[in-house]
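Encoded as structure tokens, the structure appears first; notes follow it.
Quick note: numbers below take in every heavy atom, side chains included, and nothing from hydrogens, waters or symmetry partners.
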Amino acid sequence: MRGIYYTNRLVTILVLSVTMIACASSAAAPAPPIDQDKAISLFRNYSADYIVYDTPTKLAASSELVVTGSLAEVRVGRSMQNPDASWDKWTTTIMVIRSASTLAGKNRNSDTSVVYVELPNPSNMQLSEFRQALPVNARVVLYLSRAASKAENPDVASVNGNDDIDSSLYLPVSPQGFGMEDAQELTIVWPLAGSVLKGSLRDASPGGNVLPVD
């Protein structure tokens, strides 16, 4: 009986140890520092006509989905071809956002355990440059609209292996739609807008008051 007691106790200790290790490994990784200049330089040749909103709440009202989450991966996106200009070709970049929390939007009831966000690449930067400027585990806030699939968008020449997510892609609604938290500097970097503002993700979320308006 004593041998069984010790055996059971050992099994219990092992189970508890494995559980503790699993919990520790699943804990959120710390957010990395952000190289603000690199993040903004990715989109230095980007321009867009858009409605400028003065609060996150107003921006959220025009978004199909508003989420916060952690950047899990940056991958090669789709290839685009201007049908009216054979020389006008470009490739997008896709951010994979995991552990996303839905804050607002018309599609707030959709599955947001993983969100795929397509970004422009106006300067034809290498994927390695995107990965350096948009590091894994970075915390982001995104105001999104749905991206057209290859079947809907004649400019899409190739999905480049993104077939399984081609109909699930989102786009930032405007340069105001993508913020990345630099917790060490207590700032939000807005790469598409080329702006850095004091604040946290909460401040840049609906109900907050941080949004690039210049």
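What you find for F178 and W190 is that their closest heavy atoms are O-CE3, 3.3 Å. Taking all atoms of both residues into account, the shortest heavy-atom contact from Y46 to P175 is CE2-CG, 3.7 Å. Minimum interatomic distance between A147 and L171 (heavy atoms only, all atoms of both residues): CB-CG, 3.6 Å. Heavy atoms only, all atoms of each residue included: T91 and G77 are closest at CG2-O, 3.9 Å. Smallest separation of non-hydrogen atoms from P135 and I34: CG-CD1, 3.8 Å. Shortest non-hydrogen contact noted between Y143 and Q176 is CD1-O, 4.2 Å.
Of the listed residues (I94, V67, L65, L142), just one forms a side chain to side chain contact (heavy atoms under 4.5 Å, CB included) with Y170, and that residue is L65.
Taking K150 as the reference, nothing meets the salt bridge (Lys or Arg N to Asp or Glu O under 4.0 Å) condition, with sequence neighbours excluded. The salt bridge (Lys or Arg N to Asp or Glu O under 4.0 Å) search around E152 returns R146, not counting sequence neighbours. For the salt bridge (Lys or Arg N to Asp or Glu O under 4.0 Å) test, no residue two or more places apart in sequence or in another chain qualifies with D155. Residues passing the salt bridge (Lys or Arg N to Asp or Glu O under 4.0 Å) test with R44, sequence neighbours excluded: none.
The shortest distance between side-chain heavy atoms of L134 and T93 does not fall below 4.5 Å. Residues Y116 and I97 have side chains not in contact (no heavy-atom distance under 4.5 Å, counting atoms from C-beta outward). In this structure, the side chains of Q132 and K38 come closer than 4.5 Å at one or more pairs of heavy atoms. Annotation: side chain of P191 is not in contact with side chain of Q36 (no heavy-atom distance under 4.5 Å). M180 places none of its side-chain heavy atoms less than 4.5 Å from the side chain of I188.
Between E118 and R78 there is a salt bridge, with a side-chain nitrogen of the basic residue lying less than 4.0 Å from a carboxylate oxygen of the acidic one.
V76 and L119 fall within a single hydrophobic cluster, where Ile, Leu, Val, Met, Phe, Trp and Tyr are joined by side-chain heavy atoms under 4.5 Å apart, directly or via other members. Follow the hydrophobic side-chain contacts under 4.5 Å out from V136 and you never reach V117; the two are in separate clusters. At a threshold of 4.5 Å between side-chain heavy atoms, the hydrophobic network of Ile, Leu, Val, Met, Phe, Trp and Tyr places V173 and V52 in two separate groups.
N45 and S123 are linked by a side-chain donor-acceptor pair at a separation below 3.5 angstrom, with hydrogens and angles left out of the test. Between R75 and N160, the side chains place no donor N or O within less than 3.5 Å of an acceptor N or O (distance only, hydrogens not considered). For the residue pair S70/N137, the side-chain donor-acceptor check at 3.5 Å is not satisfied.
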Side-chain donor-acceptor pairs under 3.5 Å in residues 203-212, sequence neighbours left out?
residue : atom : partner : partner atom : Å
D203    : OD2  : S200    : N            : 2.8
D203    : OD2  : S200    : OG           : 3.2
S205    : OG   : L201    : O            : 2.6

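Hydrophobic side-chain contacts under 4.5 Å tie M80 into a cluster, directly or through other members, with W90, V156, V159.
In this structure, the side chain of S63 does not engage the main chain of V66 through any donor-acceptor pair within 3.5 Å.
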